[in-house]
Each structure stands twice: as structure tokens, then as C-alpha cells.
Amino acid sequence: MSSDKPVAIVTGGGTGIGAACSKVLARDGFRVGINYIDIVEDSAKAVLAQIEDGFLLKADLTDADQIESMLAEIKEKAGRVDVLLNAAGISINKDINSMTLEDFDLQRAIVRGSWYLTKRILRLFMLRKNSGRIINISSVVGHSGNSGQIPYTMEKAALDAFTKSLCKELAGRNILVNSVAPGFIDTPMTQNLPEEVKKRILDSIPLGRLGDPEEIADVVSFLACRASYISGTVIHVNGGLYGG
Ligand code: NAP
């Protein structure tokens, strides 16, 4: 069922930063397509229950066939896309000696999936309206580097390079492409870190605390709804940790 409402698709929209963004974009008047994989179905359902207008999209972004099925579902359920937020991510935390080729390939499969989804979803951006927003959630560590996260930092640096190149390809269609690079944010991804790592992180943040997912969502909301002359940029949101 399609409507006149603008549509935002949020990958990894069932937990953490993606969940906060799903809720804020719904508050801002979007119909929100919440992408999730099996294990977060309950979380994704809980997010859906809290927003005015949305729908669930089950797909593993490392699988191109599942992305194609999700696109068919978006076409059927919404018929258009105005904003794509690539928020899905994993972080495999091992040093270079422990990291395997399989770990590396899994980490890289996420950025490959974000690229493929973006490429294939473009036809659903409303051509006649000639506008749209693509927002990639990268990370401070793609710029600063981080011990024990080499493939993750490579993936996030690649995502920012994707943002900058895609901005140039889509500018003529008035589709704006930006990255938001969080610092350390209080989500399942950081909650699972060992206590000594959490303490080291906290000690390094000038504002002295982790960020809230809503503080990332506020910036995503600005890019999705109000920014009209920002494209190809990485906006750092990290409590003073890194200036970019
Ligand atoms: P999170 O709660 O773990 O969110 C990651 C989301 O991506 C989850 O919903 C996850 O599902 C989903 N996902 C993972 N692999 C997927 C796949 N193959 N297909 C579809 N969805 C998949 O952690 P988060 O902190 O909110 O992370 C959101 C984004 O912010 C990520 O890109 C992360 O790298 C980035 N980020 C986070 C921080 C931080 O400090 N938290 C800092 C910088 C950047 P599952 O829960 O089922 O795995």
C-alpha cells in the first residue's frame, strides 16, 4: 500500500543507532521501512510498535538475493524511496594475528551489501521529484584507526569514500549523499565490549561519556529533513574525540 508520505529505509533499523533513527524519522513524518535480520526480529517489531507508520523488511545484507527480495517488498509496500540510511554494521574485534580471512570477508560483506542495496534502490527514488538523501553511518575509527579492529576501520573508511564518490555521481539528480561518523555510542555494539576496553574508551572522550543513539539520530534527521546544500561530507559526532 503506497501513500503520499515520504519513505525512509533504515538498514539495521531494529537496534541501537538504527532503531533511534527509525523512531526520529517516523516522528519527522516519514513512513519507515525497518530492515532487520532474524535475530533482531523482536527488537524490530518493538520499534515498529512505537512509530506511527512503518513496515518491517527482513533481509541479510550480505546476501544479494535477499536484497533483491527486499527491494521487491519495498516497491510493493511503499512504491517510492526518499531516504536510505545505511546503518547496519558489525564489528569483529581481533588483532591482526587472530583475524582470519573469513572474518575479513564477513566484515567486508557489510559494505558490499550497503553498496549493492544503494545501487539497486536508486530506481525507487522518485525521479520526477528529482531529490533524495542517502546517509551512511560510518565511524570515527575509519579516520583515527583503532587497535584490534583493522577490517572494521577499513570498512568504515571505504563507506566514507563511497559517500564522497556517490555524491558526485548523484548530484545532478539532486540526491545528497553524506556520512555520519559516530564516536563511541551506548548500543549493543559497545555494551558487549570488555570492561577494561570500555574504561579506556571513556577516559579518551573529552565530554567524558558515551553518546546516546538519539544524538546520532538528531544529525541524521537534520540531513534527511533540513540540509539542502551539504553533500559528500562526513559529519563527526563523537564528544570531542576526533575533529575530522
Ligand atoms: P547494533 O545495535 O549492533 O546495530 C547494528 C545493526 O546492524 C543491528 O541491527 C544488526 O543486526 C544489523 N546487521 C548486522 N549485520 C547485518 C546484516 N548482514 N544484514 C542486515 N542487518 C545487519 O550497533 P549500533 O552501534 O547501533 O550500530 C549501528 C551502526 O553504527 C553500525 O554501522 C556501526 O558500525 C555504527 N557505529 C557504531 C558505533 C558505536 O559506538 N555503537 C560507533 C561508530 C559507528 P544484529 O543485531 O542481528 O546483528
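First listed ligand is number 1; within each ligand, the first listed atom is number 1.
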Would you please determine whether [X] falls within less than 4.0 Å of ligand 1 on a heavy-atom basis?
X	answer
A59	yes
G183	yes
I90	yes
S138	yes
S91	no

Looking only at distance, does [X] have an N or O less than 3.5 Å from an N or O of ligand 1?
X	answer
S139	no
P182	no
P188	no
L61	yes
G14	no
Y152	yes
I185	yes
Y36	no

Pairing of [X] and [Y] as salt bridge, 4.0 angstrom limit:
X	Y	value
D103	K94	yes
R108	E155	no
K198	E195	yes

Proximity of A88 to ligand 1 by residue part, where a heavy atom lies under 4.0 Å: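 Within the 4.0 Å criterion, A88 contacts ligand 1 through backbone and side-chain atoms alike.
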Interfacing atoms of ligand 1 (cut-off 4.0 Å, heavy-atom, I110):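 Every atom of ligand 1 under 4.0 Å from some heavy atom of I110: 15 (N), 18 (N).
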Atoms of ligand 1 close to D60 [distance to a heavy atom under 4.0 angstrom, numbered from 1]: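 Ligand 1 atoms under the 4.0 Å threshold to D60: 17 (C), 18 (N), 19 (N).
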OG1-CD1 distance between T62 and I37, expressed to the nearest 0.5 angstrom: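 If we round to the nearest 0.5 Å, T62:OG1 and I37:CD1 are 7.5 Å apart.
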Side-chain heavy-atom pair L166, I175 within 4.5 angstrom cut-off: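 Sidechains of I175 and L166: no contact.
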From S114, G89, G12 - option closest to atom 5 (C) of ligand 1 by heavy atom: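 Looking at heavy atoms only, the winner is G89.
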